[in-house]
Amino acid sequence: MEGIEVPSHFLCPISLQLMRDPVTVSTGITYDRENIEHWLFSCNNSTCPVTKQPLLQPIHVADIDHHHLTPNHTLRRLIQAWCTLNASYGIERIPTPKPPLDKSQILKLLDEANDDGPNSQLKCLQSLKSIASQSERNKKCLEAAGTIEFLALIVKNRSDSMAITEAAVELLFHLTKSSEKSLKSLVTSDGVIIDSLVRVLRCGNYQSRAYAIVLLKSILELADPIRVISVGSELFKEVVLVLRDRISQQASKAALKLLMETSPWGRNRIKAVEGGAVPVLIELLLDAPEKRACELTLVVLDQLCSCAEGRAELLRHGAGLAVVSKKILRVSHVGSYRAVRILSSVCRFSATSRVLQEMLQVGVVAKLCLVLQVDSSLKTKERAKEILKLHSRVWKNSTCIPAHLLSSYPSS
């Protein structure tokens with residue numbers, strides 16, 4: 001604090017900020033509660049930041065003395081007194097902190113929500129959201145008290161109130177986004193949670209749909225392959241609509257990753273194509289998304305073009321071949337390779353006379369020749385060379401290819 005000398009023992013050793021709730025760890029060092037809990041929970045450390053000695057392990061995640069954080073009341077009163085003495089300098093007195101949350105408080109809240117009607121349940125969810133937003137420790141405490149299971153039950157029961165379902169999905173998102181253990185508890189063998197989240201994609205508002213798509217992506221990443229194979233066509237239809245509606249960048253990336261993880265299994269490629277994925281992916285590429293989103297889009301499009309239905313949809317779109325070709329050498333080595341793979345699938349399995357002429361006219365063949373001349377990955381060059389050799393009789397002497405590129409056309 002400029003112009004005011006702050007006693008060094010009033011400052012947290014981690015952040016060098018004035019302590020608001022000083023607590024002492026098992027090594028005897030005092031920290032501000034918020035800072036040391038961030039060190040322990042968010043950063044997953046188990047040592048004292050100053051001494052580097054291991055801290056005593058907790059008896060239970062929801063215990064009030066988690067990691068044996070003992071309130072230093074004497075230091076807190078000294079800091080409050082110092083604030084009062086320096087009030088004329090604009091220093092506000094720090095409030096006396098409330099006792100940390102414990103498991104019994106959460107259990108009482110959950111019991112009340114189970115006993116009463118929808119209004120009480122919504123009020124409970126709002127209280128839980130407020131508690132979770134305060135600290136990582138509170139999130140751990142909520143998890144230990146069974147809040148994840150409570151929320152999952154609300155979502156699976158398909159409450160008549162979409163507001164209750166949306167509130168439960170939002171809280172599930174915040175409690176599970178950094179905890180694989182919590183996510184695994186949602187991966188149930190009956191798949192009800194997946195179907196329920198698909199319902200949220202269909203009926204929820206934009207925000208709840210964004211939360212639901214991220215949850216679905218995370219759940220299916222951990223799910224058994226049999227569960228992934230058996231997902232219904234409705235899921236793919238709703239995921240495609242998330243992409244089409246451009247809800248948010250995070251939601252779009254989650255939708256692309258979900259398609260990328262699920263498409264290789266069973267008939268999921270066909271389900272995605274039938275859900276309208278290919279034209280939506282092409283429209284995404286036309287809007288020139290940022291690098292990572294563009295790579296993901298090309299990966300998914302490559303997967304879908306490995307089936308006849310996907311290739312047919314690509315060729316049906318007026319800009320399909322042109323936009324894929326345009327992304328070669330403009331995104332990254334990964335993007336170029338995936339784009340060339342898409343063109344390879346078309347050339348090997350769907351190369352009608354009309355398609356081959358279109359590839360000449362929109363510059364696909366010229367771009368493939370350019371790939372052989374510039375600095376690109378060996379895999380991309382080899383795949384481009386294979387395509388050019390495959391249809392050299394049609395393309396090699398075409399006036400559509402500039403002379404400086406035609407010189408690099410591979411011999412048969």
Side-chain angles (χ1 to χ4, degrees), residues 1-112 123-124 126-145 147 171 174-175 178-179:
M1 297 180 184
E2 189 175 349
I4 303 175
E5 184 177 349
V6 182
S8 60
H9 57 287
F10 286 7
L11 302 176
C12 176
I14 300 175
S15 63
L16 298 182
Q17 294 176 339
L18 189 67
M19 292 193 215
R20 303 182 68 82
D21 185 7
V23 293
T24 303
V25 299
S26 57
T27 59
I29 306 296
T30 298
Y31 301 93
D32 183 69
R33 183 183 293 277
E34 181 180 352
N35 285 276
I36 191 61
E37 286 186 348
H38 177 79
W39 169 264
L40 294 171
F41 299 127
S42 297
C43 302
N44 294 317
N45 292 299
S46 59
T47 58
C48 173
V50 171
T51 67
K52 308 303 180 186
Q53 294 176 344
L55 297 174
L56 291 175
Q57 292 302 304
I59 298 171
H60 194 281
V61 72
D63 286 346
I64 202 167
D65 61 342
H66 188 72
H67 279 283
H68 303 275
L69 304 181
T70 305
N72 191 328
H73 298 298
T74 301
L75 181 57
R76 190 249 307 156
R77 293 190 187 102
L78 284 172
I79 294 172
Q80 289 175 323
W82 180 86
C83 290
T84 301
L85 288 172
N86 289 278
S88 59
Y89 295 100
I91 306 298
E92 294 184 6
R93 183 179 184 273
I94 61 169
T96 300
K98 296 178 181 179
L101 187 75
D102 64 30
K103 185 177 178 179
S104 62
Q105 293 171 272
I106 303 299
L107 291 173
K108 182 181 178 182
L109 195 58
L110 298 182
D111 286 340
E112 290 173 354
K123 186 177 179 181
C124 167
Q126 291 167 345
S127 298
L128 292 172
K129 178 183 175 182
S130 175
I131 290 169
S133 66
Q134 292 172 16
S135 69
E136 287 299 317
R137 180 193 182 282
N138 282 3
K139 289 182 182 179
K140 298 289 185 182
C141 191
L142 288 169
E143 183 181 342
T147 306
L171 193 49
H174 289 299
L175 291 180
S178 59
S179 173

Nearest atoms (heavy-atom pairs only) where P13 meets T30: CD-O, 3.3 Å

Taking all non-hydrogen atoms of both residues into account, name the closest pair between T147 and L175 and its distance. CG2-CD1, 4.0 Å

Who passes salt bridge (Lys or Arg N to Asp or Glu O under 4.0 Å) against K129, sequence neighbours left out? E170

Got a sec, which residues hit side chain to side chain contact (heavy atoms under 4.5 Å, CB included) with L107, two or more places apart in sequence or on another chain? K103, A145

Quick check: closest heavy atoms across D32 and D21, and the distance to 0.1 Å? OD1-N, 2.9 Å

Tell me if a side-chain donor or acceptor on N138 pairs with a main-chain N or O of I131 at a distance below 3.5 Å. yes

Locate the shortest heavy-atom distance separating R20 from P95; write the atom from each residue and the value. NH2-CD, 3.4 Å

Note: P54 and T27 closest approach over all heavy atoms is O-CG2, 4.5 Å

Option among L85, L78, N86 that satisfies the side-chain contact (heavy atoms from CB on, under 4.5 Å) test with W82: N86

Which residues pass the side-chain hydrogen bond (donor to acceptor under 3.5 Å, both in side chains) test with T84, not counting sequence neighbours? none

Partner residues of Q17 under the side chain to side chain contact (heavy atoms under 4.5 Å, CB included) criterion, sequence neighbours left out: S15

Just by distance, with hydrogens left out, do T70 and T24 show a side-chain donor and acceptor under 3.5 Å apart? no

Can you list everything that forms a side chain to side chain contact (heavy atoms under 4.5 Å, CB included) with T96? Sequence neighbours excluded, please. R76, Q80

How would you list, by chain and number, every residue that makes a side chain to side chain contact (heavy atoms under 4.5 Å, CB included) with E37, sequence neighbours excluded? R33, F41, L69, S135, R137

